[in-house]
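Remember, predicted model here, so these are calculated numbers, not experimental data. Order of the sequence lines fixes the chain letters, A, B, ..., with proteins taken first and strands second; residue numbering starts at 1 for each chain. FYI, side chains are in, hydrogens and waters are out, and symmetry mates aren't considered; it's all heavy atoms of this structure.
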Amino acid sequence: MGLRTFIEGWPVYRQLTGTDPLGRGAAAQSGHSAALTARTETADSMARSICPYCAVGCGQRVYVKDGQVSQIEGDPDSPISRGRLCPKGSASKSLVTSPLRQTKVRYRRPYGTEWEDLDLDVALDMIADRILAARDETWEDVDDKGRPLNRTLGISSLGGATLDNEENYLIKKLFTAMGALQIENQARI
Amino acid sequence: MIPDANSLYGPLDPAPDAGWAEAGPRMGFFTDTSVCIGCKACEVACKEWNGVPDAGFDLLGMSYDNTGALTANSWRHVAFIEQPRPAGHRTPPFAGNPTGAPVSADAAAVGAGTGGPSGTVPGVPPGDPDAAARMVTGPTAPTTGNGTVGAPAGANGTAAVGNGTPEAPANAIGAPPAGTAGNGANGSQFLGMPGAQPPGRGTGAEGRADFRWLMMSDVCKHCTHAACLDVCPTGSLFRTEFGTVVVQEDICNGCGYCISACPYGVIDQRKGDGRAWKCTLCYDRLGAGQTPACAQACPTESIQYGPLDELRERAAQRVATLHERGVPEARLYGHDPTDGVGGDGAFFLLLDEPEVYGLPPDPVVTTRDLPKMYKRAGLAALAMVAAAVAAFVGGNS
Amino acid sequence: MAEAHPVGFQWVMEAKRRGAKVFHVDPRFTRTSAVADTYLPIRAGTDIALLGGVVNYILSNELDFREYVLAYTNAATIISEKFVDADDGDGFFSGFDPETASYVQDSWQYEGHEGDSGSGHTAKERETAAGLRHESHGAQVHGETQRDETLQHPRCVYQILKRHFARYTPEMVERVCGIPQDKFLELARAWTENSGRERTGVLIYSVGWTQHSVGVQYIRTGAIIQLLLGNMGRPGGGVLALRGHASIQGSTDIPTLFNLLPGYLPMPHHADHPTLDDWVNSIRHPGHKGFWGNARSYAASLLKAYWGDAATPENDFCYGYLPRMTGDHGTYQQVLNMIDDKVKGYFLLGQNPAVGSAHGRAQRLGMANLDWLVVRDLFMIESATFWQNGPEVETGEIVPRECRTEVFFLPAASHVEKEGTFTQTQRLLQWREKAVDPPGDARSELWFFYHLGLKLREKLARSDKPRDRALLDLAWDYPTHGPLAEPSAEAVLREINGYDVTTGRPLASFAEAKDDGSTAVGCWIYSGVYAEGVNQAARRKSRHEQDWVAAEWGWAWPANRRILYNRASADPQGRPWSDRKKYIWWDDEKGEWTGYDVPDFEKTKPPSYRPPPDASGPAALAGDDPFVMQADGKGWLYAPSGVLDGPLPTHYEPAESPVRNPLYGQQANPTRKVYDHPVNSVNPSPPQQHSAVYPYVFTVSRLTEHHTAGGMSRTVRPLAELQPEMFVEVSPELAAEAGLAHLGWAHLISGRAVIEAKVLVTDRLTPLRVDGRVIHQLWLPYHFGFEGLVTGDSANDLFGITLDPNVLIQESKVGTCDIRPGRRPTGAGLVDLVDDYRRRAGIPPGHGTPPQLTTEVRHPAGPSDDGPREQPR
Amino acid sequence: MSPDRPPVGALFRRFRERLAAGADRAPDDRAAEEDAAGSRAAADRHADRATGSGAGVARSDAGAARAGLAQPPRDVAPTDRRRGGGRRKGGGEQLTVPPAEFTSYYGRPVLKAPVWQWDIAAYLFTGGLAAGSSLLAAGGQLTDRPALRRAGRVTSLAAVGASAVFLVHDLGRPSRFHHMLRVAKLTSPMSVGTWILSAFGPAAGVAAIAEAAPWLPERGVLGVGRRLLPPVGHAAGLVAAATAPALATYTGVLLADTAVPSWHEAYPELPVIFAGSALASGAGVGLIAAPADQAGPARRLAVAGAALELWGAHRVENRLGLLSEPYTTGRAGRLLRAGRALTAAGVAGALVGRRSRVLSVLSGGALLAASVCTRFGIFHGGVASAKDPKYTVVPQRERVERRRSHPEESVS
């Protein structure tokens with residue numbers, strides 16, 4: 001930066017030469033401020049989503065920059081929410097980017113007092129083994145009159161109501177096929 | 001360019017005055033508290049957009065307000081005021097219920113004692129219990145003490161009936177509160193002579209029937225004559241082309257002058273950071289033609305954003321409508337370009353006196369008197385010179 | 001609504017701006033009350049009395065919208081002479097079977113239909129929450145009904161209704177609910193005056209209404225009012241449920257519920273549905289009227305979607321693979337079974353029962369008694385750490401070194417890290433686009449279950465056990481994409497929509513479903529969401545570019561209808577009731593129904609259509625029968641079947657109440673479900689002794705700033721700071737009585753638990769005068785638990801387990817407790833305190849079951865303490 | 001009911017007591033310093049809160065009550081009206097004095113209290129000291145009193161150096177101190193002050209360095225310095241002296257140009273007080289440093305400075321009605337009273353102890369201490385006025401009411 005540009009960038013110089021002698025506005029603006037723009041404008045992509053909290057179904061726009069969610073705000077196009085969000089919906093970015101979010105599989109062995117790490121694949125394998133064992137142990141083929149039961153009451157599930165329809169569909173389909181009947185959901189609560 | 005004659009005081013279009021020759025219409029907020037539902041979406045949306053850190057996790061007991069005040073870490077603040085007073089336009093919520101004397105004043109008084117370090121400097125200090133009580137009951141109100149005396153009168157009645165178990169015909173609580181209860185709480189006339197009404201002579205109203213819950217989202221006022229901006233020695237605070245007042249975080253060196261200068265107590269220093277922070281009216285979003293985050297989120301359009309002229313017109317209509325619908329207490333605050341700060345860029349429709357919401361009733365920008373101050377300083381300086389000359393010339397030792 | 005659904009509330013404010021009057025009924029003064037025109041404080045659990053009062057007001061003043069009521073409801077239908085009303089039965093309708101605590105409903109039927117209603121004994125329905133399956137449609141009625149168009153017949157529904165609600169006078173409303181008569185009349189007047197031809201009124205409830213032992217009947221009462229006033233099927237009318245979770249409607253449509261299969265098809269019962277035909281016929285009732293005639297197509301197509309090529313007409317589409325119900329397998333029964341060591345493994349998928357379910361202690365003890373537990377969530381929630389940080393660890397009931405439960409915590413993907421549809425409260429499916437990949441090990445449920453399924457099939461590949469065929473034959477081949485091999489949600493949605501198995505063409509509507517195995521449909525009511533191969537749920541046409549109905553935003557089931565039963569927005573002749581309120585009408589020239597929405601009626605069936613006498617299915621509905629999912633095409637003021645606890649709503653006291661039922665000898669809902677288990681107990685209510693040990697009524701609900709059990713809000717900084725601590729709201733009068741100080745501590749004691757909270761003494765709560773006594777209510781948020789940024793005791797720990805018989809949803813919106821100043825004891829002292837209260841309340845250890853029936857003779861003078869005690873079930 | 005539950009009436013009393021305790025927690029240490037009338041009022045106020053009876057009548061400000069003003073206009077533009085007796089009591093008029101009863105949101109301050117720490121108050125002192133001593137130095141220089149010159153210049157440099165340290169230290173972001181030089185804003189007294197300091201500081205520095213000339217070697221490069229420094233120092237000293245009055249008085253504007261009620265309303269006096277305080281502190285340096293034969297001007301300066309300071313302080317303590325209260329009570333009151341006493345003692349000592357070196361030094365010390373007390377007193381008075389919403393709300397509310405009742409007299 002040459003001396004000349006330095007001086008011309010000096011707000012005092014701009015005060016003296018420009019339209020803002022009191023140094024209140026144009027002269028006092030920093031380069032950083034002049035270059036500011038909404039980060040939604042510079043986002044790499046925008047996904048149209050729906051708020052995950054209550055059941056009103058407010059539209060959300062999810063802005064992504066460098067693979068990270070940079071902003072979540074209301075979708076003004078939505079005839080339901082007209083771009084508005086409540087405090088929870090407004091906090092969606094904090095929800096999905098919260099440092100408290102768990103990103104690693106954690107494992108507590110029987111009688112354990114601490115969490116341990118576990119590989120995701122191993123966990124999946126262990127869970128599958130336990131499902132099959134529990135199923136074998138508690139399988140009911142027929143009732144006392146010989147009518148089919150085809151089921152296990154040794155496995156339970158309770159799902160939240162923020163699961164997608166597609167997810168619920170697969171959950172119900174798989175559990176039904178394995179004979180697990182005790183599949184419940186927040187909808188019962 | 002010669003500064004406007006009203007550069008320091010009086011009606012002014014601030015953006016051109018600050019050198020924005022090409023400035024568009026001045027933008028601002030109109031916050032209509034009559035439709036505010038206190039959801040705090042504005043607070044959260046603001047924090048999400050501007051990356052404002054949390055303000056601490058304290059239960060303040062100030063109704064549902066756990067934010068406490070506008071601070072460096074809360075650029076929107078939703079105030080909650082519980083008042084056992086009529087809302088004017090509707091049926092009294094507790095009419096016919098076996099209520100005793102109201103307790104809002106007492107609860108507010110306790111809430112006044114809460115507060116403390118909240119991630120800002122110097123934090124939210126505790127308040128004055130009497131003033132808190134008066135916020136609830138209005139100028140006609142008894143002091144804290146009065147309200148408190150009333151409550152146990154009812155309570156003792158119940159107590160006498162056997163520890164309040166439901167078996168007891170515990171209707172004593174519905175009895176007209178004895179003693180000083182209800183003194184003024186139900187709209188007794190303020191006679192202009194506080195204390196003229198001796199303790200014990202209440203209106204005889206039966207318990208609390210009326211109640212209203214005021215909510216209001218407070219924010220930086222973006223004054224026409226912004227003292228914070230004018231006193232800022234670094235040019236960190238500046239007037240944008242939208243007529244708003246913004247702190248430039250890359251410039252601010254935390255001198256703290258703006259904090260003392262703000263007549264609304266808005267701008268604040270952040271602990272650990274040292275710089276001053278406040279609402280920017282989402283300067284970055286405005287530049288991109290977007291609505292500020294709080295106004296976009298506001299579910300009930302309590303916070304409206306737009307050209308200030310339009311907002312003022314809309315606000316005047318809204319007040320007229322409310323007056324028609326039997327809400328005579330509706331009034332505007334900060335809308336008047338001839339007021340002490342030249343009108344606010346963010347103004348409000350209130351349902352009570354401004355100080356009830358924590359707003360100064362008649363703020364005047366401090367720089368109004370700046371020329372006079374300089375003059376006095378000059379005189380003092382001359383006196384100093386004269387004194388020095390006299391001291392050296394006039395003596396003989 | 002402003003409190004829990006602020007963005008939805010913008011439309012209420014919009015209406016208010018245009019002159020609508022807003023009434024708010026709630027035990028506490030909320031943010032909604034603050035902007036409502038009139039606020040009515042009510043005693044929790046007495047809504048039927050209030051609404052029944054409105055029904056009585058309408059009927060005794062003949063303020064119903066008579067033309068609508070006559071044509072569109074079953075007001076004129078004549079009921080069996082065997083029917084005895086609860087009014088005459090001191091709280092019981094005819095047909096009660098005390099053995100099973102359920103009704104034989106034959107006597108409730110329409111005149112002439114007593115035997116063949118298909119309802120009969122409802123013990124099984126009660127066990128299996130069969131009421132839920134009516135979410136998409138009403139129960140069946142066969143053939144023609146007898147009507148009296150003059151409404152004078154003593155046994156016509158109108159007259160029965162009138163008699164039934166006659167005792168719900170304003171005085172009685174005041175006695176039961178604590179609502180002063182003036183206030184009640186203001187509500188009744190405004191409601192009726194703002195309904196009719198030119199105006200409509202809407203009833204909005206939040207699903208706290210469902211969390212009562214009479215929850216279904218609450219909603220029924222609301223529906224009766226709206227039918228009487230002509231507010232159903234019309235714009236600005238209706239009964240709107242504000243559900244609390246993003247896709248909770250979807251979770252019942254495509255249920256993960258033990259008693260349902262997708263599209264409200266019932267899970268087969270071992271005794272009733274041994275074969276496909278038995279199963280299908282129990283749904284469609286051959287020969288009956290209405291749209292259920294095609295049930296076989298829906299059922300066959302579902303099985304085809306499940307088992308693909310293996311499902312053939314010859315093997316009944318693998319119907320034999322389906323597991324069978326034998327009774328109640330609901331979540332609370334499961335938890336008790338866990339405590340009894342009957343359950344090995346438990347999956348928690350984004351759900352936090354340790355905080356969110358009633359009787360938190362039972363939940364945690366149950367989880368501590370498993371072999372293994374899989375928790376999939378965004379955050380480390382209480383249900384994952386109960387063995388480490390739960391309150392039972394402090395009391396010594398759970399010792400980490402002795403707790404055998406093996407816990408897998410698997411991080412889940414958030415809503416922006418996966419794609420898929422939510423179904424929101426207005427039955428609207430909205431597709432979410434994926435924004436980013438999930439971090440680390442986080443995966444969607446779609447991924448988890450798809451890959452779990454692959455793993456299971458791989459492990460069973462060489463199995464020859466018959467039981468494993470269902471898994472091995474399962475159609476489980478969804479395309480995947482990306483480095484994580486994420487299954488395609490669109491492919492799943494396409495299967496849900498249904499397709500032609502030979503051509504693969506997505507079906508346009510459920511009308512195209514076939515029962516011959518040529519179509520596969522995952523959820524028939526969603527058929528059309530993928531019509532023409534287009535993801536209709538992903539439509540995002542801006543509201544600025546379409547009309548106010550916004551039919552091109554997302555997709556609503558069924559068939560993208562935005563208002564159900566919208567045929568009722570036109571008069572019997574097909575003309576709009578009024579120009580102001582026009583919505584759907586008959587276009588004579590084109591010979592079809594038209595309007596702003598998709599008509600909820602056969603498009604070309606004219607208003608003048610009358611069915612031939614032998615018609616069945618849809619053809620049996622006349623051109624002026626708008627309620628097409630009801631078997632008789634009428635709105636049911638009186639429900640001859642489908643509701644297990646009575647054809648008409650009846651006020652019963654909550655399971656825990658300090659008040660004797662002023663209306664009937666029967667204190668509480670006689671059909672409510674109670675579990676006899678040592679861990680469960682119910683606080684005594686009159687006429688039982690010692691109800692005064694728990695003298696106060698408490699209710700719980702949400703704060704704007706938090707979400708359900710707090711897993712998505714107490715972990716989020718900008719929300720946690722807004723409501724940072726557990727608190728209890730009490731009225732000044734209760735504060736004085738109990739000695740509570742604003743911002744001081746208090747602890748609350750029920751028969752299950754003691755919890756502590758900071759006290760907010762506020763004028764927003766009020767004591768109520770109920771039946772001559774002052775009843776104090778207190779309010780708690782239920783969001784707090786022991787994990788997260790802000791923590792506190794859980795309000796739901798206070799509740800016991802008592803369920804609504806229709807849907808097996810727990811009563812967790814009202815209970816009784818005591819409140820005392822100061823912090824609760826810790827450790828063993830805590831258990832002692834609860835035990836001490838239980839001892840004084842006469843709840844013997846190990847016996848929690850209260851009487852199901854109240855048989856004592858009522859003392860008109862007031863509550864009595866010497867009624868009979870326990871009534872064996 | 002639990003048997004171990006205390007009786008109900010007693011329990012609710014606890015709630016009340018908690019309230020009363022909350023009220024008591026509010027800082028209320030004024031009573032001790034009030035005069036008879038004032039303390040009675042304060043005691044009443046205290047009693048109100050403790051017993052919960054009474055209706056809050058006693059919140060009139062003591063100053064106004066003493067003055068016997070019917071309706072003390074608390075925000076009036078400053079006038080020179082002299083006070084009356086100041087002890088007059090009773091009289092029918094007093095009954096109509098509206099108490100300082102006010103409302104605010106949960107009783108909380110409307111304003112944010114200044115975030116400035118003690119270092120800004122210290123700077124007020126050191127800045128004044130620098131200005132005063134540079135005037136002293138210049139006087140000494142021009143009237144050939146080397147002891148005054150030397151002491152003045154050295155003190156001036158030390159004081160201005162300390163000022164810089166204080167100012168930078170008080171910044172939230174000290175590393176950005178140079179941002180002060182980004183703009184030159186007439187509307188910002190701090191900006192103006194920055195530029196004044198920028199002129200004064202180097203000049204004072206050069207002047208002080210020039211004092212080192214005698215110690216420099218006579219030859220070589222430093223020898224040149226030895227020869228050049230005195231004239232340069234003289235010039236610099238004059239420059240410093242020329243800017244000194246601005247330096248001493250701008251701080252008055254610095255404080256006054258805020259929303260802090262008791263600072264702002266005191267704007268006519270603050271520069272005067274600070275000018276006087278600067279002169280007095282400069283004089284103090286002279287008294288300490290100069291031999292008796294050179295100390296005459298310092299004595300006279302002390303008198304002049306003290307006069308200005310005392311006059312100004314008296315005005316702010318009495319003229320501002322309610323807003324004078326923060327200057328007469330609490331810490332500020334103690335400091336200002338101490339300052340007054342010290343000033344009086346210093347002046348007396350300076351005049352009496354003409355021949356006594358010891359007495360002169362003591363007097364000089366007293367004057368310096370007085371200046372410190374005054375500065376801190378004014379500083380804390382303002383801070384106290386910002387912390388208590390009363391001082392914000394009451395005057396403004398009165399202004400509103402006045403305007404409402406006399407719309408024609410719109411307050412400008």
**Q** Is V266(B) in contact with chain D via its backbone, its side chain, both, or neither, using a 4.5 Å heavy-atom distance?
**A**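 Only the backbone of V266(B) comes within 4.5 Å of chain D.
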**Q** Mind ranking I81(B), T120(B), D250(B) by heavy-atom pairs under 4.5 Å with chain D and telling me who comes out on top?
**A**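 Option with the top pair count is D250(B).
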**Q** What part of I267(B) lies closer than 4.5 angstrom to a heavy atom of chain D: side chain, backbone, both or neither?
**A**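 Looking at I267(B), just its backbone touches chain D.
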**Q** Select one option (side chain, backbone, both, neither) describing which atoms of A304(D) are under 4.5 Å from chain B's heavy atoms.
**A**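 Side chain only.
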**Q** What closest approach, in Å, do L8(B) and T187(D) show between heavy atoms, and which atom pair accounts for it?
**A**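 Looking at all heavy atoms of both residues, the closest pair is CD2-CG2, 4.0 Å.
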**Q** Go through the atoms of P126(B) and report whether side chain, backbone, both or neither lie under 4.5 Å from a heavy atom of chain D.
**A**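 P126(B) touches chain D through backbone heavy atoms alone.
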**Q** For S7(B), is it the side chain, the backbone, both or neither that has a heavy atom under 4.5 Å from a heavy atom of chain D?
**A**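 No part of S7(B) comes within 4.5 Å of chain D.
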**Q** Less than 4.5 Å to any heavy atom of chain B: does that hold for the side chain of F177(D), its backbone, both, or neither?
**A**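 Backbone only.
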**Q** Please round to the nearest 0.5 Å and tell me the distance separating atom CE of M384(B) and atom CG of L301(D).
**A**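 Those atoms lie 8.5 Å apart.
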**Q** Just wondering, do K390(D) and D128(B) contact through their side chains at under 4.5 Å, heavy atoms?
**A**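 Of all side-chain heavy-atom pairs linking K390(D) with D128(B), none is under 4.5 Å.
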**Q** From D257(D) CG over to D369(B) CG, what is the distance, rounded to the nearest 0.5 angstrom?
**A**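 Result: 8.5 Å between the selected atoms.
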**Q** So, for V110(D) and P360(B), which heavy atoms are closest and what is the spacing to 0.1 Å?
**A**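 It is CG1-CD, 3.5 Å.
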**Q** Which bit of V192(D) comes within less than 4.5 Å of chain B, counting heavy atoms only: side chain, backbone, both or neither?
**A**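 Interface part for V192(D): side chain.
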**Q** Between the side chains of Y105(D) and D65(B), does any donor sit under 3.5 Å from an acceptor?
**A**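 A pair is found: one side chain offers a donor N or O, the other an acceptor, under 3.5 Å apart.
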**Q** Does any non-hydrogen side-chain atom of V231(B) lie less than 4.5 Å from one of T258(D)?
**A**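 T258(D) does not reach V231(B) side chain to side chain.
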**Q** So do the side chains of E398(D) and P361(B) get within less than 4.5 Å of each other, counting heavy atoms only?
**A**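 E398(D) vs P361(B): side chains apart.
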**Q** Taking all atoms of both residues into account, what is the closest heavy-atom pair of G172(D) and Q269(B), and its distance?
**A**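 Scanning both residues completely, I find the closest heavy atoms to be CA-NE2, 3.6 Å.
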**Q** Among L136(D), L171(D), L111(D), who wins on heavy-atom pairs under 4.5 Å with chain B?
**A**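 Most heavy-atom pairs within the cutoff with chain B belong to L171(D).
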**Q** Find the distance between CE (M135(B)) and OH (Y106(D)) and round it off to the nearest 0.5 Å.
**A**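 These two atoms lie 4.0 Å from each other.
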**Q** Looking at chain D, which one of A261(B), A387(B), S260(B) has the largest number of heavy-atom pairs inside 4.5 Å, strictly under?
**A**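 Of A261(B), A387(B), S260(B), S260(B) has the most heavy-atom pairs under 4.5 Å with chain D.
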**Q** Can you say whether L254(D) sits under 4.5 Å from chain B via the side chain, the backbone, both, or neither, judging by heavy atoms?
**A**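 Contact with chain B is through both the backbone and side chain of L254(D).
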**Q** State, to 0.1 Å, how close A381(B) and A246(D) come at their nearest heavy-atom pair, and which atoms those are.
**A**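 Looking at all heavy atoms of both residues, the shortest contact is CB-N, 4.5 Å.
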**Q** Looking at R399(D), R402(D), R404(D), which hits salt bridge (Lys or Arg N to Asp or Glu O under 4.0 Å) with D362(B)?
**A**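 In the set R399(D), R402(D), R404(D), the residue that makes a salt bridge (Lys or Arg N to Asp or Glu O under 4.0 Å) with D362(B) is R399(D).
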**Q** Which one, A388(B), C232(B), G272(B), leads in non-hydrogen pairs under 4.5 Å with chain D?
**A**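 Most heavy-atom pairs within the cutoff with chain D belong to C232(B).
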**Q** Flag yes if more than 12 heavy atoms outside K387(D) fall under 6.0 Å of its NZ atom; otherwise flag no.
**A**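 12 or below, so no.
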**Q** Roughly how far, to the nearest 0.5 Å, is OH of Y267(D) from CZ of R376(B)?
**A**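 It comes to 8.0 Å.
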**Q** Can you say whether A69(B) sits under 4.5 Å from chain D via the side chain, the backbone, both, or neither, judging by heavy atoms?
**A**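 Contact with chain D involves the side chain of A69(B) alone.
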**Q** So which of S191(D), G139(D), P261(D) has the biggest tally of heavy-atom pairs under 4.5 Å with chain B?
**A**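 Among the listed options, the one with the most contacts to chain B is G139(D).
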**Q** Where does P371(B) contact chain D at under 4.5 Å (heavy atoms): side chain, backbone, both or neither?
**A**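 Neither part; nothing is under 4.5 Å.
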**Q** With a 4.5 angstrom heavy-atom cut-off, could you sort out which part of P109(D) is near chain B: side chain, backbone, both or neither?
**A**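 Contact with chain B involves the side chain of P109(D) alone.
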**Q** In terms of heavy-atom pairs under 4.5 Å, which option from P114(D), P189(D), G252(D), A113(D) contacts chain B the most?
**A**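 Result: the option with the highest number of such pairs is P189(D).
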**Q** For A386(D), is it the side chain, the backbone, both or neither that has a heavy atom under 4.5 Å from a heavy atom of chain B?
**A**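 No part of A386(D) comes within 4.5 Å of chain B.
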**Q** Considering residues at least two apart in sequence or located in another chain, which fulfil the ring pair (Phe, Tyr, Trp, His ring centres under 6.0 Å) criterion with H179(D)?
**A**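 Testing H179(D) for ring pair (Phe, Tyr, Trp, His ring centres under 6.0 Å), a comparison that skips the adjacent residues, returns none.
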**Q** At a heavy-atom separation under 4.5 Å, does A227(B) approach chain D through its side chain, its backbone, both, or neither?
**A**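 Looking at A227(B), nothing touches chain D.
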**Q** Report which part of T143(D) has an atom under 4.5 Å of a heavy atom belonging to chain B: side chain, backbone, both, or neither.
**A**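 It is the side chain, since no backbone atom gets that close.
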**Q** Name the option with the most non-hydrogen atom pairs under 4.5 Å to chain D; the candidates are V121(B), I251(B), L70(B).
**A**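 Answer, by heavy-atom pair count under 4.5 Å with chain D: I251(B).
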**Q** So V253(D) and L370(B), do their side chains get closer than 4.5 Å, heavy atoms only?
**A**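 Touching, per the 4.5 Å side-chain cut-off.
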**Q** Please lay out, stage by stage, how R173(D) and D273(B) fare under the test side-chain contact (heavy atoms from CB on, under 4.5 Å).
**A** CA-CA 8 Å; R173(D) 285 281 172 104; D273(B) 174 272; 3.1 Å; yes
**Q** Compare all side-chain heavy atoms of P245(D) with those of L382(B) and state whether any distance is below 4.5 angstrom.
**A**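 Result no, sub-4.5 Å side-chain heavy-atom pair not found.
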**Q** Determine the option with the most heavy-atom pairs under 4.5 angstrom with chain B, choosing from I120(D), D170(D), L186(D).
**A**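 Ranked by contacts with chain B, first place is L186(D).
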**Q** If you apply the rule side-chain contact (heavy atoms from CB on, under 4.5 Å), what do you find for T103(D) with E353(B), and how did you get there?
**A** CA-CA 9 Å; T103(D) 301; E353(B) 297 295 344; over 6 Å; no
**Q** Rounded at 0.5 Å granularity, tell me how far OG1 in T366(B) sits from NE2 in H264(D).
**A**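 Between atom OG1 of T366(B) and atom NE2 of H264(D) there are 4.5 Å.
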**Q** List for me each residue that meets ring pair (Phe, Tyr, Trp, His ring centres under 6.0 Å) alongside Y257(B), sequence neighbours excluded, and say none if there are none.
**A**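 Checked Y257(B) against ring pair (Phe, Tyr, Trp, His ring centres under 6.0 Å); matches are W116(D).
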**Q** Mind listing the closest non-hydrogen atom pair of K112(D) and I259(B) along with its distance?
**A**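 What the structure gives for the nearest pair is CB-CG2, 3.6 Å.
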**Q** Between G340(B), G254(B), C258(B), A383(B), who has the most heavy-atom pairs with chain D when the cutoff is under 4.5 Å?
**A**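 Option with the top pair count is G254(B).
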**Q** Heavy-atom distance under 4.5 Å between the side chains of M180(D) and C255(B), does that happen here?
**A**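 Side-chain contact under 4.5 Å: yes.
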**Q** Could you tell me whether the side chain of K185(D) reaches within less than 4.5 Å of the side chain of L229(B), counting heavy atoms only?
**A**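 Heavy-atom side-chain distance check passes, below 4.5 Å.
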**Q** In terms of heavy-atom pairs under 4.5 Å with chain D, which of V364(B), L359(B), L379(B), V385(B) leads?
**A**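 Highest number of pairs under 4.5 Å: V364(B).
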**Q** Is L237(B) in contact with chain D via its backbone, its side chain, both, or neither, using a 4.5 Å heavy-atom distance?
**A**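 Interface part for L237(B): backbone (N, CA, C, O).
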**Q** Could you pull out the closest heavy-atom pair between R176(D) and E249(B), with the gap in Å?
**A**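 Scanning both residues, the minimum pair turns out to be NH1-O, 2.8 Å.
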**Q** One pair to check against side-chain contact (heavy atoms from CB on, under 4.5 Å): E355(B) and Q396(D). What are the steps and the verdict?
**A** CA-CA 10 Å; E355(B) 55 264 46; Q396(D) 294 192 19; over 6 Å; no
